Structure formats: C-alpha cells, structure tokens
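Down below is the structure, laid out as structure tokens.
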Amino acid sequence: MGEFALYSLSRGILDSFNYTIALAENTVQNGANYFFDCEVTGIRWEQGRYRLFTKQGNFTAKWVVNSAGLGCRRIAEMLGIHGYTIKGSKGTHIILDKRTGPLLPMPVYSVPSNTYMGIHVTPTVDRTVTVGPDAEYMEDFWDYGVHQKNMDYLAESASSLWPHIHRADYIRNYAGTLSKWVDDQGVIHDFVIETRSEAPQVINLMGIESPELTAALPIARYAINLLVSRNGRTKTMPLNRNVKASGDL
Ligand SMILES: Cc1cc2nc3c(=O)[nH]c(=O)nc-3n(C[C@H](O)[C@H](O)[C@H](O)COP(=O)(O)OP(=O)(O)OC[C@H]3O[C@@H](n4cnc5c(N)ncnc54)[C@H](O)[C@@H]3O)c2cc1C
C-alpha cells in the first residue's frame, strides 16, 4: 500500500470511443473527408506535391501529416526519411464488472517511470473499472493476444493501489500496442513532432504514445501551427484543402 498520494482536482475520465467519433464528426463539419480501409503503400514527390498510392486509388497532396501510429516509420521511409526507430509497447487491461464501479470514485495511478505510466485502476463512464496496462516490448506490433500471466501480474500489482480486484469480477480483457520513439543512443523519449529537410511539406509525428489521446488536441494544434509557419501563411486552414482524391473516391 502507498503511504502518500497527490490529489488532482482537474483529473477526468472520458468515453474514448464517443470522443473520437465526436472529433471525426466535427472535422467533417469543417470540410474534412475520410477514406477508410485505404492503406498508403507508396509515396512519390512530383512537381512540388506528393502522390500517395493506395489500394483504393491515388491522391495528391501539397502537405503530408504522418500520424500513422505504429506505421509512422514505414510512412517516413516512403517519404525518404530514414533513421527513425520505433518500438512497440504492448499493454494488457482487465475490465471489472459494473458492481465494482461505485467502489472507485476516481482514477488511481502509481508513480510513473521515465518511460512508462505504470499500472493504474480507472473507473469508466460505463461504471466498470479497468486495471492496467503492463508494458511489454514486442517485435510483432499486431499481436493482440491476452495471456493469463499478464492478467495475474496486473491483478497483483494493482491490488496494492486498490484492494477490490477479484477474479469473479473479470468480464473482459484486451491488449493494445503503442509506439515509442527511440533515439540514436537507444534512449526512449516521449514523442517527436517535426519537419525534416529530406522531405519538404511533411509533418512527422513519431512515437505518439500514452497519454496522447489526452494530448491529442494540443498535439494537433502544434502540428497545424508548424505546417502553417512552414507554409508561409499566418492563419490556420483546414488540413484537407490541398488534398484531392482521384479515381472513384
Ligand atoms: C494499452 C494502451 C493504453 C493507453 N492508455 C491511454 C490513456 O489512458 N490515455 C491516453 O491519453 N492515451 C492512452 N493510450 C495511447 C493512445 O491510445 C495513443 O497515443 C493514441 O491512440 C495515438 O493516436 P494516433 O492517432 O497518433 O495513432 P493511432 O491511433 O495508432 O492511429 C494511427 C492510424 O494510422 C493508420 N495507418 C498506419 N499505417 C498506415 C498506412 N500505411 N496507410 C494508411 N493508414 C495507416 C492506422 O491504421 C491507424 O488508424 C494508450 C495506448 C495503449 C496501447
């Protein structure tokens, strides 16, 4: 059990699914288009613009914002930018039954390390409780398997924060992998948002890891301001303005 804690008055929880849907709806209202299931397989610089090749047709874009998560290094390489190193860190969560929700009025976190936020217990807007995540470096970014040993480790570690974790309340589990940016010396850093001389008119967002759902709006503003300052404009503009699809899209 911990002996001391910091109480954060401004903490909050949100429904991450509805939050992202709401943001998507808002961007559509502002003129953006979405193209789903549309993997970028190649990028070529042509006459001051980029041509993006996808399985659903090609696009031209004056600017490319590389925010491809675990795919950000691959996109960077398509753009001719080499040398970024990304590690995949897999985290597992357990979800506890709604009857546990009233026992946890606020999220409880352990002290984070430099590179990992630590296992925490969090009430959800649905009144369930999530326990996790652990952190395992993975070669395979797309392995979503959940293993008993990880769940046992989570339950044991988180019980020192909150004593109501019982197997009878487990209703679901899940795992996800986030991207961590590693520098030339092998040191893991927060993340990087930058332009690079090798590829003009590109904003690279590398290693956008937790808590970057929380930080999504400031990150977007920072990236847009970078784009605007490089573009020689003084006002922000909708990101889709210079993107047009060809073919049947
Ligand atoms: C277990 C776990 C727990 C987390 N907990 C929290 C938390 O409590 N709070 C918090 O704030 N954050 C949390 N995060 C982090 C948060 O989920 C991520 O930081 C955030 O999702 C990153 O968003 P993104 O848009 O940069 O990348 P992503 O959400 O990964 O989106 C990248 C998109 O690019 C697409 N893409 C990739 N390659 C290509 C290609 N070649 N062509 C076309 N599209 C491509 C992918 O399909 C994907 O849709 C957690 C993450 C994990 C894994």
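Note: hydrogens, waters and symmetry copies are ignored here, and every other heavy atom, side chains too, is used. Please read all numbers here as calculations on a predicted model, not as lab measurements. All ligand and atom numbering here is 1-based and tracks the order in the structure. If you read the sequence from its start, that first residue is 1, and numbering goes on from there.
Remark: atom 11 (O) of ligand 1 lies closer than 4.0 Å to at least one protein heavy atom. Protein heavy atoms are found less than 4.0 angstrom from atom 43 (C) of ligand 1. Note that atom 29 (O) of ligand 1 has no protein non-hydrogen atoms nearby, at separations under 4.0 angstrom. Counting protein heavy atoms under 4.0 angstrom from atom 19 (O) of ligand 1 gives one or more. In this structure, atom 49 (O) of ligand 1 is not in close contact with the protein, since no protein heavy atom lies within 4.0 Å of it. Distance screen at 4.0 Å: atom 24 (P) of ligand 1 has no protein heavy-atom neighbour inside the cut-off.
The nearest heavy-atom contact from the protein to atom 27 (O) of ligand 1 is G69 CA, 3.7 Å. For atom 16 (C) of ligand 1, the closest non-hydrogen atom on the protein side is L213 N, 4.1 Å. The closest protein non-hydrogen atom to atom 3 (C) of ligand 1 is H93 CE1, 3.8 Å. Of the protein's non-hydrogen atoms, L178 CD2, 3.5 Å is the one closest to atom 51 (C) of ligand 1.
The ligand atoms of ligand 1 that sit less than 4.0 angstrom from a heavy atom of T214 are 9 (N), 10 (C), 11 (O). Close approach of ligand 1 to G176 is summarised as follows: ligand atoms under 4.0 Å from at least one heavy atom of the residue are 1 (C), 53 (C). Against a heavy-atom cut-off of under 4.0 Å, R74 is close to the following atoms of ligand 1: 41 (N).
Considering both main-chain and side-chain atoms, I208 comes within under 3.5 Å of ligand 1 through a nitrogen or oxygen pair. Ligand 1 has an N or O atom lying under 3.5 Å from an N or O atom of V40, backbone or side chain. Of the polar atoms of E39, none of the N or O atoms is found under 3.5 Å from an N or O of ligand 1, judged by distance alone.
When the heavy atoms of G71, S67, S16 are ranked by distance to atom 33 (C) of ligand 1, first place goes to S67. Looking at A135, A68, A215, it is A68 that brings a heavy atom closest to atom 37 (C) of ligand 1. When P107, S210, G91 are checked for heavy-atom proximity to atom 14 (N) of ligand 1, S210 turns out nearest.
Rounded to the nearest 0.5 Å, atoms CD (E194) and OH (Y222) are 9.0 Å apart. Rounding to the nearest 0.5 Å gives a distance of 11.0 Å between OG1 of T85 and CD of Q185.
Residue-environment remark: CG (D140) exceeds the threshold of 12 foreign heavy atoms within 6.0 Å. Surrounding OH of Y7 are more than 12 heavy atoms belonging to other residues, nucleotides or ligands, all under 6.0 Å away. Counting heavy-atom neighbours within 6.0 Å of E156 CD, excluding the residue itself, gives a total of 12 or less.
Contact annotation for P211 and ligand 1: heavy atoms of both the backbone and the side chain come within less than 4.0 Å of the ligand. Here I75 has side-chain heavy atoms under 4.0 Å from ligand 1, and that is the only part of it that gets that close. Contacts with ligand 1 closer than 4.0 Å are made by no heavy atom of K90, backbone or side chain. Only the backbone of C38 comes within 4.0 Å of ligand 1, counting heavy atoms alone; no side-chain atom from C-beta on gets that close.
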Check your understanding: Which is it for D126 and K98 under the salt bridge (charged side-chain N to carboxylate O under 4.0 Å, His left out) test, yes or no, and what are the steps along the way?
Key -> CA-CA 7 Å; D126 302 313; K98 282 184 180 178; 6.0 Å; no

Practice item. Show the numbers, then the answer: is there a side chain to side chain contact (heavy atoms under 4.5 Å, CB included) between T177 and S89? Key: CA-CA 5 Å; T177 300; S89 174; 5.6 Å; no

Point to revise | Stepwise side chain to side chain contact (heavy atoms under 4.5 Å, CB included) test for D97 and Y170 | key: CA-CA 6 Å; D97 190 87; Y170 293 9; over 6 Å; no

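With hydrogens and angles left out, the side-chain atoms of N231 and Q201 include no donor and acceptor closer than 3.5 Å. A donor and an acceptor atom, one from each side chain of D183 and H189, are located under 3.5 Å apart.
Of the charged side-chain nitrogens involved, at least one lies within less than 4.0 Å of a carboxylate oxygen, so that K55 and E39 count as a salt-bridged pair.
A cation-pi contact, defined as under 6.0 Å to the ring centre and within 45° of the axis, links R196 to Y84.
Within the 4.5 Å cutoff, the side chain of F191 has no heavy atoms near those of the K180 side chain.
In this structure, Y50 has its ring center at least 6.0 angstrom away from the ring center of F59.
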